[in-house]
Amino acid sequence: MKANLSFDLIADILSRLPVKHLLCLRCVSKLWRSLIDDPDFINLHIRHSLDSRTNHTLILKNTDLHTADLASLGPFAKLEHPLMSYNHGVKIQGSCNGLLCIRNIVEDMAIWNPSTRKYQVLPYLGSCKGYVCGFGHDPIADDYKVVKIIQLGGADGKPLESEVKVCSLKINRWRKIRDIPCVSSLPVANGVFASGALHWILTQKLDLSEENTIVALDLATESFKEVPQPEYERMIYQLNVGVLGGCLCVVANHGDARVDLWVMKEYGVKESWTILFSLASEDVIGSLRFLKPLAYSRCGNQVLLEHDKINLFWYDLEKKKADDVWVPGMPFSYETEVCLQSLVSLNVKRRQQNGEDNRDIKRMDDFLSEGFKLVL
């Protein structure tokens, strides 16, 4: 008995496969390549990976880039990047939907998909005295954007001057947008992408009451707004912003005594801030100067964190216990980035709906013979 499979069912089955298998299946036929390259399928694959907490890679940045599957955390392998320069060094400016924004020492910048090894070099903007970046997805225009907040002045007691420039993947040119709200100092870290916006911590604001303020740049409207913060219980010595499970989060450092990780369950709603966990100094080895939340475990009961750029540990939310992570091939010190494994193209073209898809893939035996056996 031969069973017919609908196009949607076949796409759903394929969306559960790792990217490396899908890249092999692209070579089976034009039909398979058309299906796997389709933007709707690529988005379906991303949604399934995010929902199931699968197909994620952990990248460690030292002199070189090292990568490992997040589920197994090992072994780490060297990752070659496309912006080679005389010292081979590269900085990761942000990650979104499987794309990385990277730059090298001579200020070349590119958007790069490590899974497909495709990349697009951005127009050269020149060297800047000081700047921070951000990288994320505009869901309205379905476009990826790189943002640069550039410091133009402010030295020797002079008023701070800055400008904000954006380069989108589709247009591939830099343009100036509305400036960041009046501040006496620029952010010190790159922007964190969550809920369609990039987020930075601003300090010593002149026109707002709070000393530490979370400012967001909506990538669709390209306008800045302030994000409400939690009601902290004690004085904060350092505040960092991050993303965990797609939700905006903040790490509130109360000196050497305690660190609280807050998660915003409903974006933009102050009352939705919840403490996910608190860490005391005796819970970890070393200081509590810097903690960066990276990802949930697949079952969701643990959180992977980077600690002071020298070690990783899993924090068990139920047992309230931290377990160090060490894998052969890890560098001594590093910066971390979690990158989704995806098929996102750097030259997206929408598929024309001509009604041929369902006629092309009809039967279960056709489906198996054309490629499914390759991944069994």
Side-chain angles (χ1 to χ4, degrees), residues 43-44 46-53 56 93-99 101 132-147 149 164 166 168 177-178 180-181 183 187 189-203 205 208-210 212-233 236 239-253 259-278 291-297 300 303-305 317 337-340 342 344:
N43 290 332
L44 177 65
I46 290 175
R47 290 195 300 271
H48 181 268
S49 297
L50 294 175
D51 292 343
S52 61
R53 300 192 181 104
H56 285 74
Q93 307 297 94
S95 173
C96 181
N97 290 346
L99 299 181
C101 177
V132 291
C133 287
F135 174 62
H137 181 244
D138 173 356
I140 304 301
D142 191 20
D143 198 3
Y144 291 87
K145 296 180 177 180
V146 180
V147 177
I149 304 177
V164 182
V166 174
S168 72
I177 64 170
R178 187 184 312 173
I180 198 167
V183 295
N190 288 327
V192 171
F193 179 73
S195 300
L198 288 167
H199 302 81
W200 293 269
I201 298 291
L202 298 181
T203 59
K205 291 185 69 66
L208 294 173
S209 58
E210 295 189 30
N212 290 308
T213 304
I214 303 175
V215 171
L217 174 64
D218 187 303
L219 290 183
T221 63
E222 296 184 351
S223 59
F224 287 96
K225 61 183 178 182
E226 185 177 354
V227 178
Q229 295 190 50
E231 294 291 342
Y232 304 112
E233 298 177 357
I236 298 173
L239 190 69
N240 294 305
V241 67
V243 62
L244 189 60
C247 293
L248 183 69
C249 63
V250 293
V251 180
N253 191 317
V259 170
D260 297 330
L261 178 62
W262 293 79
V263 176
M264 196 178 219
K265 298 291 187 178
E266 185 177 352
Y267 185 74
V269 179
K270 180 181 178 68
E271 293 74 20
S272 71
W273 282 110
T274 304
I275 292 184
L276 186 63
F277 63 83
S278 298
L291 284 178
K292 179 181 178 181
L294 298 173
Y296 287 104
S297 61
V303 176
L304 183 66
L305 297 109
L317 298 174
E337 193 72 47
V338 173
C339 183
L340 184 71
S342 83
V344 172

task: Return the minimal non-hydrogen interatomic distance between Pro230 and Val250, and the atom names on each side.
output: CG-CG2, 4.1 Å

message: On a heavy-atom basis, which atom in Ala194 and which in Tyr267 lie closest, and how many Å separate them?
response: O-CE1, 4.5 Å

- prompt: What is the minimum heavy-atom distance between Gly196 and Pro139, and which atoms define it?
  reply: CA-CD, 4.5 Å

- prompt: According to the salt bridge (charged side-chain N to carboxylate O under 4.0 Å, His left out) rule, which pairs have a member within residues 212-222, sequence neighbours left out?
  reply: Lys145-Glu222, Arg175-Glu222

query: For Leu291 and Val251, which heavy atoms make the closest approach, and how far apart are they?
result: O-CG2, 3.8 Å

query: Are the side chains of Asp260 and Tyr232 in touch, meaning some heavy atoms are under 4.5 Å apart?
result: no

message: Whether the side chain of Lys270 engages the backbone of Gln229 through a donor-acceptor N/O pair (distance < 3.5 Å, no angle test) should be reported.
response: yes

query: Heavy-atom distance under 4.5 Å between the side chains of Leu276 and Tyr296, does that happen here?
result: yes

- request: Dump the intermediate steps for side-chain contact (heavy atoms from CB on, under 4.5 Å) on Leu219 and Val147, then the final yes or no.
  value: CA-CA 9 Å; Leu219 290 183; Val147 177; 4.0 Å; yes

message: I'd like to check Ile177 versus Leu217 (side-chain heavy atoms, cut-off strictly below 4.5 Å). Are they in contact?
response: yes

- request: Find out whether Leu202 and Ile180 are in side-chain contact, i.e. whether some heavy atom of one side chain is under 4.5 Å from a heavy atom of the other.
  value: yes

field: Separation between CD of Glu271 and CD of Glu231, rounded to the nearest 0.5 Å
entry: 9.0 Å

field: Stepwise side-chain contact (heavy atoms from CB on, under 4.5 Å) test for Ser195 and Leu248
entry: CA-CA 8 Å; Ser195 300; Leu248 183 69; 5.9 Å; no

- prompt: Among all residues two or more places apart in sequence or in another chain, which pass the side chain to side chain donor-acceptor pair (under 3.5 Å) test with Ser272?
  reply: none

message: Measuring from atom CD of Glu337 to atom CG of Asn190, what distance do you get when rounded to the nearest 0.5 angstrom?
response: 9.0 Å

query: Measuring from Cys96:SG to Leu198:CG, what's the distance to the nearest 0.5 Å?
result: 8.5 Å

task: Kindly assign one of parallel, tilted or perpendicular to the pair His137 and Tyr144, based on the angle between their ring planes and the thresholds 30° and 60°.
output: tilted

message: Can you tell me how far apart CZ (Arg178) and OG1 (Thr221) are? Round to the nearest 0.5 Å.
response: 7.5 Å

pair Ser297-Arg53: side-chain heavy atoms closer than 4.5 Å: no

task: May I ask you to test the Lys292-Asn240 pair for a side-chain heavy-atom distance under 4.5 Å?
output: no

- prompt: Is any side-chain heavy atom of Val338 less than 4.5 Å from a side-chain heavy atom of Leu304?
  reply: no

Inter-residue atom distance Ser52.OG - Arg47.CZ, 0.5 Å rounding: 12.5 Å

field: Any side-chain heavy-atom pair of Val132 and Gln93 under 4.5 Å
entry: no

query: Between Leu305 and Phe277, what is the shortest heavy-atom contact and its length?
result: CD2-CZ, 3.8 Å

- request: Of all the heavy-atom pairs spanning Asp143 and Ser168, show the shortest one and how long it is.
  value: OD2-CB, 3.0 Å

